[in-house]
Amino acid sequence: MARSAQFTDEMWARIEPLMPRSGPKGGRPWNDHRVTIEGICWRLRTGSPWRDVPAEFGPWPSLWRRFNDWSADGTWDDILAAIAGTEAANGLVAVVDGTIVRAHKHAAGARKGG
């Protein structure tokens, strides 16, 4: 089942120069960045567990690893800054305000340590 691309060619032209050339430790070459980013965005948009990402986007551990690495090194910040404000990005990126996030009832007032 083929899915429609979330990133237009215009958006991809802005993002592609920001992509890292190789992994932090070398190793095998990465699969296509565009497919990987589409898979990560699919997961973030749906809220599904990483294990439920469709196979057409590649193995879920690879998607998670790149998402984690790119979050740590600032690549995601660069991507969001590059597409922010474009009309094509409308609805692609959501911001969660911390005032609407609720903690579980067991997260409040628990004693720490012994």
Side-chain angles (χ1 to χ4, degrees):
M1 172 167 121
R3 299 177 199 283
S4 61
Q6 295 296 308
F7 286 89
T8 64
D9 290 336
E10 174 196 345
M11 290 169 61
W12 184 246
R14 290 176 170 215
I15 295 170
E16 190 172 23
L18 305 173
M19 295 286 92
R21 298 288 177 229
S22 64
K25 298 176 186 173
R28 278 192 334 213
W30 280 341
N31 59 348
D32 185 24
H33 284 308
R34 190 168 186 170
V35 173
T36 300
I37 289 178
E38 295 279 351
I40 292 169
C41 288
W42 181 91
R43 190 268 175 201
L44 296 175
R45 187 177 64 254
T46 62
S48 298
W50 284 103
R51 291 179 186 266
D52 292 343
V53 173
E56 68 193 67
F57 296 121
W60 72 265
S62 298
L63 296 177
W64 177 84
R65 192 173 315 108
R66 278 214 246 169
F67 175 74
N68 193 42
D69 289 346
W70 291 350
S71 295
D73 71 8
T75 301
W76 275 116
D77 294 334
D78 296 341
I79 291 170
L80 293 176
I83 64 171
T86 62
E87 189 161 328
N90 190 17
L92 182 65
V93 180
V95 177
V96 176
D97 182 359
T99 60
I100 62 169
V101 177
R102 299 182 70 182
H104 189 273
K105 63 183 178 181
H106 296 131
R111 286 190 196 185
K112 305 286 184 204

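Side-chain atoms are counted along with the backbone in the values below, which use heavy atoms only and exclude waters and symmetry mates.
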Worksheet item: Is there a chain of hydrophobic side chains (I, L, V, M, F, W, Y, each step under 4.5 Å between heavy atoms) that links F67 to L18?
Response: no

Fill in: Nearest-0.5 Å distance that lies between atom CH2 in W50 and atom CH2 in W60
9.5 Å

Worksheet entry | side-chain hydrogen bond (donor to acceptor under 3.5 Å, both in side chains) partners for T36, two or more places apart | N31, R66

Fill in: Spacing of CD1 belonging to I79 relative to CD1 belonging to I37, to within rounding of 0.5 Å
4.0 Å

Worksheet item: Side chains of V53 and W64: does their closest heavy-atom pair fall under 4.5 Å?
Response: no

Worksheet item: How far does CD1 of I15 sit from CD of E10, to the nearest 0.5 angstrom?
Response: 10.5 Å

Worksheet, complete the sentence: dist L63:CG -> E38:CD (nearest 0.5 Å) comes out at 11.5 Å

Item to complete: Check W42 against S48 and note the closest heavy-atom contact, atom names and distance.
Response: CH2-OG, 3.7 Å

Worksheet, complete the sentence: d(R34 CZ, M19 CE) to nearest 0.5 Å is 12.0 Å

Fill in: Closest non-hydrogen atom pair between P20 and W70, with its separation
CG-NE1, 3.4 Å

Response to the item:
Rounded to the nearest 0.5 angstrom, the CH2-CD1 distance for W76 and I40 is 4.5 Å

